[in-house]
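Step one of this worksheet: look at the structure below.
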Amino acid sequence: MSHGTGGPRTRRSRVATWVARYLPLEVLGTVTAVAGSWAAYEASGSIVVAAIAGTVAEGVGYYALVVIRGIRDHLASRRVSRLAHPAARAGLACALTARGMIAEFGPAEVLDTLLVRPALLVAAAAWLGPDPMAWLAGKLAADAVFYAVTIASFELGRRIILPDGRSGLHGAAGGPKTAPAGPSPAVVP
């Protein structure tokens with residue numbers, strides 16, 4: 001089965017790529033959300049402050065790893081490493097990382113933040129009652145929508161998101177990277 005820019009890719013290899021790419025982000029985001037909520041509640045005694053802190057902490061934890069991976073992988077790419085000046089390499093790696101993050105996560109974040117997550121959290125609480133299991137059900141349902149949009153964005157925007165337009169596991173912490181089949185695809189500026 002041929003898919004996108006990376007030559008033959010089976011459904012299993014795509015799923016493995018998505019798990020390697022997004023599971024560490026979700027784990028880190030969840031850990032920072034719980035830690036941030038707990039610390040804020042201990043400091044303030046307010047559930048509202050804890051919820052806000054947990055939300056912010058989750059975003060920081062989740063996207064910190066995205067930024068680290070993106071900059072690291074872009075710095076190692078042919079496009080960036082061929083620049084002579086270290087500041088130029090750093091600037092281009094940061095710009096390409098930001099562009100990739102917007103392409104991969106932007107549509108999902110807008111939809112998730114403005115509509116899906118609040119609606120599903122309210123619906124779950126209305127259906128199951130204001131209970132931790134309801135919040136978990138709402139969160140998981142919202143995550144499913146978020147990842148459906150994010151994965152679609154990733155698959156459609158590989159050439160923008162991945163360094164050198166490669167189809168391998170760029171961004172998987174410690175994961176293998178595969179070279180593109182055949183000649184290297186052009187990288188969109």
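- Note: the hydrophobic cluster containing Trp135 does not contain Leu140 (ILVMFWY, side chain heavy atoms under 4.5 Å, direct or indirect links).
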Given Leu92 and His74, is the side-chain contact (heavy atoms from CB on, under 4.5 Å) satisfied, shown in steps? CA-CA 8 Å; Leu92 182 57; His74 281 294; over 6 Å; no
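- When all heavy atoms of Val19 and Pro24 are compared, the pair lying nearest together is O-CD, 3.7 Å.
- Looking at every heavy atom in both residues, Leu128 comes nearest to Met133 through CD1-O, 4.4 Å.
- Within 6.0 Å of CD1 on Ile47 lie no more than 12 heavy atoms contributed by other residues, nucleotides or ligands.
- By the criterion of side-chain heavy atoms lying less than 4.5 angstrom apart, applied directly or through intervening Ile, Leu, Val, Met, Phe, Trp or Tyr residues, Ile102 is not grouped with Leu162; the two fall into different hydrophobic clusters.
- Two residues are said to be in side-chain contact when any heavy atoms from C-beta on lie closer than 4.5 Å; Asp112 and Val145 fail this criterion.
- In this structure, the separation between OG1 on Thr97 and CD1 on Ile68 is 11.0 Å, given to the nearest 0.5 Å.
- Without hydrogens or angle criteria, Ser44 side chain to Val49 main chain gives no donor-acceptor distance under 3.5 Å.
- Looking at heavy atoms from C-beta onward, Arg79 lies in side-chain contact with Leu96 at the 4.5 angstrom threshold.
- Taking each heavy atom of Leu121 and Gly138 in turn, the nearest pair found is CD2-C, 3.8 Å.
- What you find for Arg158 and Thr17 is that their closest heavy atoms are NH2-CG2, 4.4 Å.
- Note: Tyr147 and Tyr62 have tilted aromatic rings, judged against thresholds of 30 and 60 degrees for the angle between ring planes.
- Residue Arg21 forms a salt bridge (Lys or Arg N to Asp or Glu O under 4.0 Å) with just one option from Glu155, Glu26, Glu104, and that option is Glu104.
- Of all heavy-atom pairs spanning Ile161 and Ser153, the tightest one is CD1-O, 3.8 Å.
- Between Arg69 and Asp73, no side-chain nitrogen of the basic residue sits less than 4.0 Å from a carboxylate oxygen of the acidic one, so the salt-bridge criterion is not met.
- Using modelled atom types, one finds a donor on one side chain and an acceptor on the other under 3.5 Å when comparing Glu109 with Tyr63.
- Put simply, the side chain of Ser13 gets close to the backbone of Thr10: a donor and an acceptor are under 3.5 Å apart.
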Between Ile71 and Cys94, is the side-chain contact (heavy atoms from CB on, under 4.5 Å) condition met? List the steps. CA-CA 6 Å; Ile71 291 172; Cys94 289; 3.8 Å; yes
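- Without hydrogens or angle criteria, Ser37 side chain to Ala50 main chain gives a donor-acceptor distance under 3.5 Å.
- Under the 4.5 Å side-chain contact rule for hydrophobic residues, Val34 and Val31 do not share a cluster.
- Both Leu75 and Val67 are assigned to one and the same hydrophobic cluster, defined by single-linkage of ILVMFWY side chains at heavy-atom distances under 4.5 Å.
- Within the 4.5 Å cutoff, side-chain heavy atoms of Leu25 are placed close to those of Val66.
- Arg89 approaches Val80 most closely through the heavy-atom pair CG-O, 3.2 Å.
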Stepwise side-chain contact (heavy atoms from CB on, under 4.5 Å) test for Tyr22 and Ile151: CA-CA 9 Å; Tyr22 300 117; Ile151 288 168; 3.7 Å; yes
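- Within the 4.5 Å cutoff, the side chain of Phe146 has heavy atoms near those of the Phe105 side chain.
- A chain of hydrophobic side-chain contacts below 4.5 Å, direct or via other Ile, Leu, Val, Met, Phe, Trp or Tyr residues, connects Leu115 to Leu120.
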